[in-house]
Amino acid sequence: MPAPNQPNPASLLENLNDPQRAAVTHSDGPLLVLAGAGSGKTRVITRRAAYLASTVAQPREVLAITFTNKAANEMRERILALGVGPEMTVCTFHALGARLLRIHHERADLPANFTIYDTDDQRKVVKQAIELAELSTANWSPAAVHARISRAKNDMLTPTEFEEQADDWSDRVLARIYTEYQRLLEQNGAADFDDLLLKPARLLQNHEVLRRQLEQRYRYVLIDEYQDTNQAQYVVAHLLTLEQANICATGDPDQSIYGWRGADIGNILHFEEDYPSATVIRLEQNYRSTQRILAAADAVIAANFQRKEKSLWTENPEGARVRVVDCESTTEEAEWISAQILSSDKQGVSRSDIAVFYRINAMSRAIEEALLRAGIPYQVARGTEFYNRKEIKDVLAYLRLLINPADDIALLRAINNPPRGIGATTVSRLRNHAATLGASLMETVKQAQTLDGIGRSAARVQEFAELIAELQGLADQPPRTVVEQVARRSGLLAELTQEAEVNRSPLDNVNELINAAADFQSERPEATLIDWLEYTSLLGDTDTVDSSRGVVTLMTLHACKGLEFPVVFIIGLEDGTLPFSRTGEINGRDDDEEEEERRLCFVGMTRTMHTLTMTHCRYRLLRGAETRMVKSRFLRALPEAEVEWISPVEQKPPSHRSAVSHGRLPDDIELWEVGTLVRHPSRGLGQITTLRRGHKRTHVRVAFQDGADQSWVLEFADLTRVDYDEVG
DNA sequence: ACGCCAGAAGTTTTT
DNA sequence: CTTCTGGCGT
């Protein structure tokens with residue numbers, strides 16, 4: 001009988017093509033696997049991890065880093081299924097960072113019980129930081145400021161470094177806020193998401209002994225989705241493999257879609273310069289999609305410049321043409337898709353084979369409504385939604401406070417929730433006292449009776465302090481017990497039970513939270529409350545997607561990376577939606593941004609196994625206003641031979657060259673571009689020199705034959721498009 | 001201290 | 001068209 005953690009290495013090489021096998025068996029030294037979409041990358045990584053663990057290394061010496069928890073869990077299961085022991089570390093960068101910081105917290109200026117702040121908490125701290133810097137949140141939006149701070153951290157800039165390289169007034173102000181922000185985090189004993197990468201990176205940079213220890217512990221490091229690593233992640237990866245250089249990076253520059261959060265596509269493009277002895281293996285055979293889907297996807301991505309030579313090919317059948325659907329409105333788009341899903345039932349397509357992708361979360365709504373009307377069950381990949389609910393955050397605030405009494409953000413949420421007569425005035429006084437004493441709010445609360453101005457509320461505050469002290473006695477109990485007891489003794493459960501007569505779901509949600517803690521505990525019996533809280537804060541959007549539920553899946557294009565579905569709908573292929581543009585301006589944007597949008601579209605298309613449909617709308621509601629949309633430039637790039645154009649309803653034949661009038665775009669707007677010839681009743685024939693589509697209006701500039709230029713708002717310009725052959 | 005209403009503001013993508 | 005905030009009244 002073979003030992004369970006001794007798989008037969010030869011069996012790990014079955015069903016692999018030549019480059020895949022080369023990647024699996026490569027042992028020492030840097031390895032870059034450029035894995036095209038659908039080229040069996042996951043198979044290669046899992047086999048490679050198992051192969052290493054059964055030939056040159058112990059399972060515990062292998063570290064596999066993924067991008068999402070879902071990917072980590074799947075990979076762990078697949079590796080276990082290959083017969084390798086569970087001692088291997090498979091996790092995300094953030095989970096790895098959290099683990100390192102728990103162990104080496106003192107060197108990272110954190111308490112052992114540090115709290116992980118999520119986006120919501122971070123924003124609150126930013127708000128406090130802005131106020132402490134004596135600025136107004138009216139001029140400095142916490143969200144925007146936070147985005148800048150987060151970006152600086154991903155680039156590994158400390159507040160001081162950020163200040164040093166600030167070259168304008170606004171950056172200098174940001175540096176001040178960033179300084180305050182970081183000070184507040186420290187005061188609260190908290191780390192934000194970015195700290196989970198930044199602090200470990202610094203740790204490895206500054207503590208050579210520790211760095212060596214870790215490199216010896218993790219002799220082989222595998223990093224997936226390397227194209228989406230940022231500077232801090234790059235440093236961690238690099239320092240963990242500094243001497244042995246047993247780094248295996250897998251990824252695909254064409255699938256880099258996180259530039260906006262500091263991911264540097266250069267990390268993968270320059271791998272061979274970082275590691276001159278690197279072996280590079282290209283996986284170019286696609287096992288997932290039909291030829292036509294690949295041809296269409298290639299047409300979209302081909303326009304990008306920041307690429308690495310790679311050509312995807314497949315032995316799969318040619319398949320059906322990619323369908324492009326021309327819809328009048330978002331309602332029609334959604335109705336058409338739900339009708340298609342209903343009719344595909346008859347063809348024996350399972351509901352779980354179908355996915356709908358969109359650029360932004362808000363776009364799921366129209367689809368959800370149509371699916372509800374049609375009685376089609378679905379799941380939306382928005383795992384964090386549950387943990388963002390008010391009632392859930394209320395319970396979590398208490399739990400965080402038990403673990404880390406310095407967490408002022410948690411205290412502020414818990415202190416009068418459920419209402420216990422501690423109002424805004426009292427809280428504000430407590431905060432002032434805390435600031436004067438240089439103490440945390442919890443410490444201040446404990447000595448409330450001795451403080452001026454608390455007066456009548458002192459008794460209430462005292463009761464709250466006693467409640468927390470009592471709950472702290474539970475902190476070492478198993479997570480399920482603590483969660484349940486806290487929900488009960490805090491009074492939250494009683495409040496929700498009362499409210500349940502009107503609205504049951506908050507109560508149900510809290511009960512579900514207790515169940516979630518129980519599930520966690522049964523999977524990891526030794527787990528503490530800290531472990532569970534950490535797990536909940538690191539949950540991602542796709543982590544709750546379950547392909548076995550037999551329902552249609554809805555998700556953003558970002559969330560679909562790494563997944564595959566037989567039938568895919570990508571909606572909203574319009575300039576401004578995909579490619580997305582924040583302002584509505586679509587011309588003259590940053591080329592890098594447009595390339596990333598193109599890659600995003602490519603990622604979505606290449607998830608498809610056999611049936612790909614892309615839809616666009618002529619009109620879309622933007623901020624409540626019906627806006628005329630123009631078919632996406634990505635659709636215009638598709639080769640005619642691969643596409644089937646569909647119009648769901650009879651469309652009025654476009655009055656081919658109607659003059660523009662009363663604030664409407666011309667019907668043939670899709671054909672207007674720079675260089676198009678136009679006629680004006682009095683100015684005569686001219687040529688478009690610029691065409692800028694703004695949020696509400698489109699600006700056009702025309703050069704006329706007499707040499708003069710004139711600009712208009714196109715919606716109000718009396719211009720008519722003229723074909724070249726009409727004028728010779 | 002708290003709830004309600006009206007007006008304003010703001011809307012990518014995620015660990 | 002929503003979601004949040006701030007002010008006012010109880």
Side-chain angles (χ1 to χ4, degrees), chain A residues 65-72 91-98 116-120 122-123 127 137-139 141-144 146-147 150-151 153-154 191-198 225 228-230 232-233 256-263 330 357-366 381-385 387-388 390 415-428 456-457 460 534-543 555-562 572 576-584 593 596-597 599-601 603-604 620-627 695:
Chain A
I65 302 174
T66 60
F67 205 66
T68 64
N69 294 298
K70 184 169 195 274
C91 63
T92 64
F93 263 111
H94 288 84
L96 177 71
I116 298 170
Y117 275 4
D118 67 13
T119 313
D120 210 49
Q122 290 170 54
R123 214 159 274 175
K127 204 171 165 217
T137 48
N139 306 325
S141 110
H146 174 238
S150 173
R151 189 54 194 270
K153 288 183 148 186
N154 288 156
D192 65 13
F193 280 135
D194 306 312
D195 284 335
L196 298 182
L197 307 175
L198 173 63
E225 309 284 11
D228 283 322
T229 51
N230 61 33
Q233 289 166 323
S256 161
I257 55 175
Y258 286 100
W260 52 273
R261 82 177 196 203
T330 51
F357 303 152
Y358 35 81
R359 179 60 178 80
I360 61 173
N361 281 307
M363 291 168 71
S364 75
R365 188 162 178 156
R382 228 178 292 159
T384 49
E385 196 186 49
Y387 288 93
N388 277 332
K390 182 190 171 298
I415 191 165
N416 198 30
N417 192 354
R420 49 174 71 91
I422 305 173
T425 321
T426 307
V427 170
S428 156
R456 279 183 316 174
S457 309
R460 303 277 167 92
E534 184 169 300
Y535 165 81
T536 60
S537 20
L538 295 179
L539 270 183
D541 266 2
T542 45
D543 293 341
M555 63 175 80
T556 64
L557 283 161
H558 283 90
C560 79
K561 192 171 70 167
T577 313
L578 182 64
F580 186 84
S581 104
R582 193 185 190 141
T583 51
E593 281 175 29
E596 186 153 305
E597 295 291 313
R599 293 193 291 266
L600 197 51
C601 186
V603 167
R620 181 171 293 279
L621 277 176
L622 255 40
R623 268 230 281 331
E626 287 251 300
T627 314
H695 187 52

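Just so it is clear: chains get the letters A, B, ... in the order the sequence lines come, proteins before strands, and each one is counted from 1.
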Q: Take the protein atom OH of Y387(A) and the nucleotide atom P of dT15(B), then report the distance between them rounded to whole Å.
A: 14 Å
Q.
Applying a 4.0 Å non-hydrogen cut-off, can you work out what Y258(A) is touching in the nucleic acid: base, sugar-phosphate, or nothing?
A. sugar-phosphate
Q: Using whole Å, report how far NZ of K70(A) lies from C1' of dT15(B).
A: 16 Å
Q: May I ask you to evaluate whether N361(A) reaches the phosphate of dT12(B), defined as a side-chain N or O under 4.0 Å from OP1 or OP2?
A: no
(Q) Quick check for you: among dT2(C), dT14(B), dT12(B), whose closest atom lies nearest to any side-chain atom of R261(A)? (A) dT14(B)
**Q.** Separation of dT15(B) P from L198(A) CG (nearest whole Å)
**A.** 19 Å
Q | Selected nucleotide, minimal atom distance to A559(A) side chain, candidates dT14(B), dT12(B), dT15(B) | A | dT14(B)
**Q.** Separation of the C1' atoms in dT13(B) and dC4(C), to the nearest angstrom
**A.** 22 Å
Q: Return the set of residues passing side-chain contact (heavy atoms from CB on, under 4.5 Å) with R460(A) (not counting sequence neighbours), or none when no residue passes.
A: I422(A)
**Q.** Those residues that, when tested against N230(A), pass side chain to side chain donor-acceptor pair (under 3.5 Å) (two or more places apart)
**A.** none
Q: Calculate the interatomic distance between L197(A) atom CG and dT14(B) atom C1'; express it in whole Å.
A: 12 Å
Q. What orientation do H94(A) and F193(A) show, parallel under 30°, tilted 30 to 60°, or perpendicular over 60°?
A. perpendicular
Q. For E596(A), which residues count as a salt bridge (Lys or Arg N to Asp or Glu O under 4.0 Å) partner, sequence neighbours excluded?
A. R599(A)
(Q) My understanding is that only residues two or more places apart in sequence, or in another chain, count here; which of them pass side-chain contact (heavy atoms from CB on, under 4.5 Å) with S537(A)? (A) I116(A)
Q.
Please report the distance, rounded to the nearest Å, between CD in E225(A) and P in dT14(B).
A. 15 Å
Q | All side-chain contact (heavy atoms from CB on, under 4.5 Å) counterparts of L621(A), not counting sequence neighbours | A | E626(A)
Q. When the C1' atoms of dT12(B) and dT5(C) are considered, how many whole Å apart are they?
A. 23 Å
Q. In whole angstrom, what separates Y535(A)'s OH from dT15(B)'s C1'?
A. 14 Å
Q: Would you please confirm or rule out a distance under 4.0 Å between OP1 or OP2 of dT14(B) and any side-chain N or O of T556(A)?
A: yes
Q | F580(A) side-chain proximity, nearest of dT12(B), dC2(B), dT13(B) | A | dT12(B)
Q. Mind checking whether F67(A) and Y258(A) have parallel, tilted or perpendicular rings, split at 30° and 60°?
A. tilted
Q) T426(A) side chain N/O closer than 4.0 Å to the phosphate oxygens (OP1, OP2) of dA1(B)? A) yes
Q) Can you tell which of dC2(B), dA1(B), dT14(B) lies closest to the side chain of N416(A)? A) dC2(B)
Q. Can you tell me how far C1' of dT15(B) sits from CD1 of I116(A), to the nearest Å?
A. 10 Å
Q: Check every atom of dT12(B), dT2(C), dT13(B) against the side chain of R365(A) and return the nucleotide holding the closest atom.
A: dT2(C)
Q: Could you walk me through whether T66(A) and E225(A) pass the side chain to side chain contact (heavy atoms under 4.5 Å, CB included) test, one step at a time?
A: CA-CA 7 Å; T66(A) 60; E225(A) 309 284 11; over 6 Å; no
Listing time: all N or O pairs from protein to nucleotides 6-9 of chain C that are below 3.5 Å?
none

(Q) On DNA chain B, compare the nucleotides closest to F67(A) and I360(A); which residue's is nearer the 5' end? (A) I360(A)
(Q) In this structure, how many angstroms lie between the P atom of dT2(C) and the CG atom of L621(A), rounded? (A) 9 Å
